[in-house]
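Every heavy atom of this structure was used, including side-chain atoms; hydrogens, water molecules and symmetry mates were not.
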Amino acid sequence: MSELDNVLHYNGEKSRTISGENKNGTPGAAAMQPGKLGPSRKGSPDISLEVGETVTLADIEGPAEIRHIWVTVTDRTTKGSFVLRDLILRIYWDDEISPSVETPLGDFFCNGFGTRCQVNSLPIVVNPTGGMNSYFKMPFNHHARVTITNEHPAFIKHFFYTINYVIKPQPDLKSLYFHAHWNRENPVKLGTDYTVIDSIKGHGYYVGTYMAICALERYWWGEGEFKFFIDEDGQYPTVTSTGTEDYFGGAWAFHEHQFGERPHALTYSTLYQGYPFQSTHDHTRDRFSAGKPDPNPVHAFGDDALPMHGLYRWHLPDPIAFDTQLRVTYQDLGNDDIGLFERADDISTVAYWYQAEPHSEQQPILPRRQRLPR
C-alpha cells in the first residue's frame with residue numbers, strides 16, 4: 001500500500017488548516033484577515049515571537065491526525081546566528097504534561113548546526129529557502145497541543161507556519177503516537193557509547209534518526225555502529241549497523257575518487273537515507289550584521305570551521321519493533337588508515353518513534369548555552 005492509495009476510499013474525514021491567518025482552524029475562516037491591499041488580502045500570514053515566549057501554534061480537539069507541518073523563519077538576527085537551535089518545538093498528546101516531541105526546530109527538520117540545508121526525503125523535506133516540511137502522520141484521539149518557544153536572545157519578527165490536519169469520524173484506540181527527542185553529548189566520553197535515546201517504555205516502532213556530528217578528531221569519523229537494545233536485551237543489542245555511513249545508506253566513507261584528484265565526500269538526499277550537509281566552513285557570519293553602524297568585514301577572523309556532518313535515516317520500510325522497551329546507542333569510532341580508534345566528537349541527534357501512550361518522561365532539553373553549535 002502506498003500514499004497514492006490513501007485517496008481511493010473516502011473515510012469521512014474533514015480537512016482543516018491552522019496558520020497565522022486562522023489560528024484555530026475554524027471552517028470557513030481562512031484568508032479573511034484584512035491587509036494593506038484590502039479585506040481578505042493576506043492580512044496576517046505570520047506571527048512574532050518575543051524573547052523567552054512560548055506560543056501555542058495549534059490546540060486541536062480529537063480524534064484527528066496532523067499530516068503536514070510547514071515552517072519558515074529567519075536563521076539569524078543581530079543577536080546571533082543560531083535561531084534554528086534556539087527555537088524549541090514541543091508537541092503534547094491527549095493533555096499529557098510531558099511533551100512527546102521536544103527538539104530544536106532546525107534539528108527536527110534535519111537542519112542541525114543552526115545552518116540551513118536542503119533535504120529531499122519522504123517524511124522531512126526542506127526546500128529553498130528554508131521551507132521546512134514534515135509529513136510524519138501524527139494521529140491522536142483526544143487532544144493535541146503544538147508549541148514553539150523562543151530562547152533566542154532577540155525578538156523574532158516573522159515566524160510563518162501551516163499545520164494541515166483532518167478531523168476523524170471516530171477514535172482509533174490501537175493507533176500509536178508520534179514522538180521525537182533531541183540529545184547532545186559535547187564531547188562524547190572517550191570509550192563510552194553515545195546515547196541516541198534511552199528509557200523508551202511500552203510498545204511501538206522506532207522510525208528514524210537524524211545525526212549532526214562535529215568532528216573533533218582527525219581522520220575518518222564514521223566507523224561506529226548503531227545499537228538497538230530491544231525489550232530484554234542486556235549487554236548486547238539485537239539490531240546493529242556495520243558502520244556509520246552504512247547505517248545512513250552509504251559506503252566507503254561516502255568518497256568519490258576521480259583520477260588525478262584527491263578523494264572527497266559526496267552528499268546526497270534520498271527518500272529514506274541521506275547525507276545532505278557537509279562543511280568545513282563557518283557560514284554563520286555570511287550576510288550577518290550585529291547592527292553596528294560600521295560592522296567588521298564579513299569573516300574578518302576567517303571562516304574555517306570544524307568538520308560538520310548532517311545525516312538522516314528513516315526506518316519507515318523497516319521499522320524497529322519493540323514490545324516493552326527500547327534503547328539506542330552509537331559507537332564514536334574512527335579509522336586513521338592504520339587501525340580503529342576511540343573518538344570524542346560533538347554529537348547531536350534526534351530520535352523519531354511511534355509508541356502507545358503513556359510514554360516515559362525523557363531528560364529535559366539542554367539549556368540554550370549547551371545547545372549552541374561549535
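Between the side chains of Asp94 and His142, not a single donor N or O lies within less than 3.5 Å of an accepting N or O. Checking Tyr247 against Thr242 by side-chain atom types alone, no donor-acceptor pair falls below 3.5 Å. A side-chain N or O of Glu96 and one of His359 form a donor-acceptor pair less than 3.5 Å apart. For the residue pair Asp46 and Tyr161, no side-chain donor N or O sits within less than 3.5 Å of a side-chain acceptor on the partner. A donor-acceptor contact closer than 3.5 angstrom is absent between the side chains of Asp246 and Ser241. Counting only N and O atoms by type, the side chains of His158 and Ser48 include no donor and acceptor under 3.5 Å apart. A donor-acceptor pair shorter than 3.5 Å cannot be found between the side chains of Gln355 and Glu357.
In Gln363, the CD atom is not crowded: 12 or fewer heavy atoms of neighbouring residues, nucleotides or ligands sit closer than 6.0 Å. Within 6.0 Å of CZ on Phe155 lie more than 12 heavy atoms contributed by other residues, nucleotides or ligands.
Residue His179 is tested with Tyr92, Tyr206, Trp353 for a ring-ring contact (aromatic ring centres under 6.0 Å, His included); the sole match is Trp353. Tested against His68 for a side-chain hydrogen bond (donor to acceptor under 3.5 Å, both in side chains), the candidates Asn164, Thr17, Thr162 yield a single pass: Asn164. With Tyr194 as the fixed residue, the side-chain hydrogen bond (donor to acceptor under 3.5 Å, both in side chains) test singles out one of Thr329, Thr349, Asp332: Thr349. For the pairing with His309, the ring-ring contact (aromatic ring centres under 6.0 Å, His included) check across Tyr210, Trp221, Phe113, Phe277 returns one residue only, Trp221. Among Glu256, Gln258, His257, Gln278, the one residue that satisfies the side-chain hydrogen bond (donor to acceptor under 3.5 Å, both in side chains) test with His264 is Glu256.
Sorted by first and then second residue, the side chain to side chain donor-acceptor pair (under 3.5 Å) pairs with a member in residues 120-132 read Ser121-Trp314; sequence neighbours excluded.
Here CD1 of Ile213 is found 4.5 Å from CG of Asp345. Values are rounded to the nearest 0.5 Å. How far CD of Glu223 is from CZ of Phe341: 9.0 Å, rounded to the nearest 0.5 Å. Between the CD1 atom of Ile320 and the CD1 atom of Ile230 there is a distance of 6.0 Å, given to the nearest 0.5 Å. Atom CD in Gln370 sits 9.0 Å away from atom CG in Asn186 (nearest 0.5 Å). Cys214 SG to Arg184 CZ: the interatomic distance, rounded to the nearest 0.5 Å, is 8.0 Å. How far OH of Tyr165 is from CD1 of Ile69: 12.5 Å, rounded to the nearest 0.5 Å.
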- Would you sort out whether Trp182 and Asp107 count as a side-chain hydrogen bond (donor to acceptor under 3.5 Å, both in side chains), showing the intermediate values? CA-CA 8 Å; Trp182 182 84; Asp107 293 71; 3.2 Å; yes
- Derivation and outcome, side chain to side chain contact (heavy atoms under 4.5 Å, CB included), residues Thr238 and Phe229: CA-CA 6 Å; Thr238 294; Phe229 296 84; over 6 Å; no
- Message: Could you go through Lys157 and Glu50, starting from their C-alpha distance and side-chain angles, then the distance that decides it, and tell me whether this counts as salt bridge (Lys or Arg N to Asp or Glu O under 4.0 Å)?
- Response: CA-CA 8 Å; Lys157 186 176 182 180; Glu50 299 286 350; over 6 Å; no
- Message: Assess the residue pair Val126 and Asn133 against the criterion (side chain to side chain contact (heavy atoms under 4.5 Å, CB included)); give the C-alpha distance rounded to whole Å, side-chain angles, the decisive distance to 0.1 Å, and a yes or no.
- Response: CA-CA 6 Å; Val126 182; Asn133 298 268; over 6 Å; no
- Task: Would you check, one step at a time, whether the test salt bridge (Lys or Arg N to Asp or Glu O under 4.0 Å) holds for Asp318 with Arg313?
- Result: CA-CA 11 Å; Asp318 57 339; Arg313 162 70 185 271; 2.6 Å; yes
- Item | Step-by-step salt bridge (Lys or Arg N to Asp or Glu O under 4.0 Å) determination, Asp59 to Arg145 | CA-CA 5 Å; Asp59 195 310; Arg145 183 164 62 95; 5.4 Å; no
- With side chain to side chain contact (heavy atoms under 4.5 Å, CB included) as the test, would you mind laying out the steps for Met211 and Tyr330 before giving the verdict? CA-CA 10 Å; Met211 171 180 279; Tyr330 168 73; 3.7 Å; yes
- Dump the intermediate steps for salt bridge (Lys or Arg N to Asp or Glu O under 4.0 Å) on Glu102 and Arg90, then the final yes or no. CA-CA 5 Å; Glu102 185 174 44; Arg90 295 183 176 91; 2.8 Å; yes
- What do the steps show when you test His152 against Lys79 for side chain to side chain contact (heavy atoms under 4.5 Å, CB included), and what is the final call? CA-CA 8 Å; His152 188 69; Lys79 294 295 185 180; 4.2 Å; yes
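The closest side-chain heavy-atom distance from Asp336 to Arg218 is not below 4.5 Å. At least one side-chain heavy atom of Glu65 sits less than 4.5 Å from a side-chain heavy atom of Lys168. Residues Pro45 and Phe160 meet the side-chain proximity criterion, which asks for heavy atoms closer than 4.5 Å. Looking at Pro128 and Gln118, their side chains come closer than 4.5 Å, going by heavy atoms from C-beta outward. Here the side chains of Val83 and Thr77 are in contact, with some heavy-atom distance below 4.5 Å. Residues Leu87 and Glu151 are not in side-chain contact: their nearest non-hydrogen atoms beyond the backbone lie 4.5 Å or more apart.
Of the possible polar contacts, none joining the Thr26 side chain to the Ala29 backbone as a donor-acceptor pair under 3.5 Å is found. With hydrogens and angles disregarded, a donor-acceptor distance shorter than 3.5 Å links the side chain of Asn335 to the backbone of Asp337. Counting only distance, with no hydrogens or angles, the side chain of Ser40 and the backbone of Ala31 share a donor-acceptor pair below 3.5 Å. Not one N or O on the side chain of Glu185 forms a donor-acceptor pair closer than 3.5 Å with the backbone of Ile347. Of the possible donor and acceptor atoms, one in the side chain of Asn150 sits under 3.5 Å from a partner among the backbone N and O of Leu49. Distance alone, capped at 3.5 Å, is enough to place a donor-acceptor pair between the Gln325 side chain and the Asp231 backbone. Under the 3.5 Å distance criterion, the side-chain polar atoms of Thr244 are matched with a main-chain donor or acceptor of Gly224. With hydrogens and angles ignored, the 3.5 Å screen pairs no side-chain donor or acceptor of Thr56 with any backbone N or O of Ala58.
Between Phe248 and Phe226, the ring-plane angle classifies as perpendicular under the 30° and 60° cut-offs. The aromatic rings of His315 and Phe228 sit perpendicular, their planes meeting at an angle over 60°, well past the 30° parallel limit.
Cluster annotation: Val101 is not connected to Tyr135 through the hydrophobic network of ILVMFWY side chains, with a link wherever side-chain heavy atoms come within less than 4.5 Å. Hydrophobic clustering, with ILVMFWY side chains joined whenever heavy atoms are under 4.5 angstrom apart, groups Leu57 together with Ile156.
Remark: aromatic rings of His143 and Trp93 are distant, center separation not under 6.0 Å. The distance between the ring centers of Tyr354 and Tyr205 does not fall below 6.0 angstrom.
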